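These numbers were taken from a predicted model, which means no experiment stands behind them. Residue numbers run from 1 in the order of the sequence given.
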Amino acid sequence: LTNADFFSANLNGASFQSADLSGADLTGTDCSGANFSRANLKGANMENLSWDSRTTWADARIVQHAKNVSDSLKQHLGLT
């Protein structure tokens, strides 16, 4: 899924566990309840991505290498 275009997609509940999403466009996606554990998000565009308490994230060190990570997600992951 490297460089995949998910622009504005509904990814509610999707499993991306261990997926390579490097360079993917997640702009405007609904990722409520999605599973990103062990996913590679390096260079992924996360602008205006929506998520909720059910969303499972990759290691914070990996998420910090994504682009346009929201302040609220950074805070949730302890990156601020």
Side-chain angles (χ1 to χ4, degrees):
L1 298 172
T2 301
N3 297 316
D5 184 358
F6 293 108
F7 184 85
S8 294
N10 181 353
L11 303 175
N12 190 320
S15 178
F16 294 105
Q17 187 173 354
S18 300
D20 185 357
L21 295 169
S22 57
D25 187 0
L26 297 167
T27 303
T29 56
D30 176 3
C31 293
S32 302
N35 182 350
F36 292 98
S37 63
R38 296 189 306 273
N40 179 1
L41 295 166
K42 186 175 182 180
N45 187 355
M46 299 174 69
E47 185 174 2
N48 296 322
L49 175 145
S50 62
W51 57 280
D52 64 10
S53 62
R54 299 172 299 131
T55 308
T56 306
W57 293 102
D59 184 290
R61 293 172 299 186
I62 295 170
V63 175
Q64 74 182 359
H65 295 291
K67 299 177 188 174
N68 302 310
V69 178
S70 69
D71 290 339
S72 62
L73 180 54
K74 286 178 185 176
Q75 183 175 8
H76 175 74
L77 297 173
L79 295 172
T80 58

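- Interatomic distance, Ile62 CD1 to Leu41 CG, rounded to the nearest 0.5 Å: 7.5 Å.
- Relative ring orientation between Phe36 and Trp57 is described as parallel, the plane-to-plane angle staying below 30° on a 0-90° scale split at 30° and 60°.
- Pairs of residues two or more places apart, or lying in two chains, that qualify as salt bridge (charged side-chain N to carboxylate O under 4.0 Å, His left out) and include a residue from residues 50-70 are Asp52-Arg54, Asp59-Arg61.
- Note on Phe7: it does not cluster hydrophobically with Leu21, by side-chain heavy-atom contacts below 4.5 Å among ILVMFWY residues.
- At a threshold of 4.5 Å between non-hydrogen side-chain atoms, the residues Leu26 and Leu11 count as touching.
- Take Asp5 and apply the salt bridge (charged side-chain N to carboxylate O under 4.0 Å, His left out) test, not counting sequence neighbours, and it matches no residue.
- Here Ser32 pairs with Asp30 under the side-chain hydrogen bond (donor to acceptor under 3.5 Å, both in side chains) rule; sequence neighbours left out.
- The NZ atom of Lys74 lies 8.0 Å from the OG1 atom of Thr80; values are rounded to the nearest 0.5 Å.
- Under the side-chain hydrogen bond (donor to acceptor under 3.5 Å, both in side chains) criterion, Ser8 pairs with no residue at all, not counting sequence neighbours.
- Looking only at distances, no side-chain donor or acceptor of Thr56 sits under 3.5 Å from a matching main-chain atom of Ser37.
- At least one side-chain heavy atom of Leu73 sits less than 4.5 Å from a side-chain heavy atom of Met46.
- Shown here are the side-chain hydrogen bond (donor to acceptor under 3.5 Å, both in side chains) partners of Ser50, two or more places apart in sequence or in another chain: there are none.
- The nearest pair of heavy atoms linking Ala58 to Ala39 is CB-O, 3.4 Å.
- Distance check: Asn68 CG to Glu47 CD gives 4.5 Å after rounding to the nearest 0.5 Å.
- Applying the side-chain hydrogen bond (donor to acceptor under 3.5 Å, both in side chains) test to Asp20 and every residue at least two apart in sequence or in another chain returns Thr2, Ser22, Asn40.
- Screening Val69, Thr29, Thr55 for a side-chain contact (heavy atoms from CB on, under 4.5 Å) with Leu49, the sole residue that qualifies is Thr29.
- Side-chain contact between Trp51 and Ser70 is present, with heavy atoms from C-beta onward closer than 4.5 Å.
- Asn45 contributes atom CG, which lies 11.5 Å from atom CG of Asn3 (distance to the nearest 0.5 angstrom).
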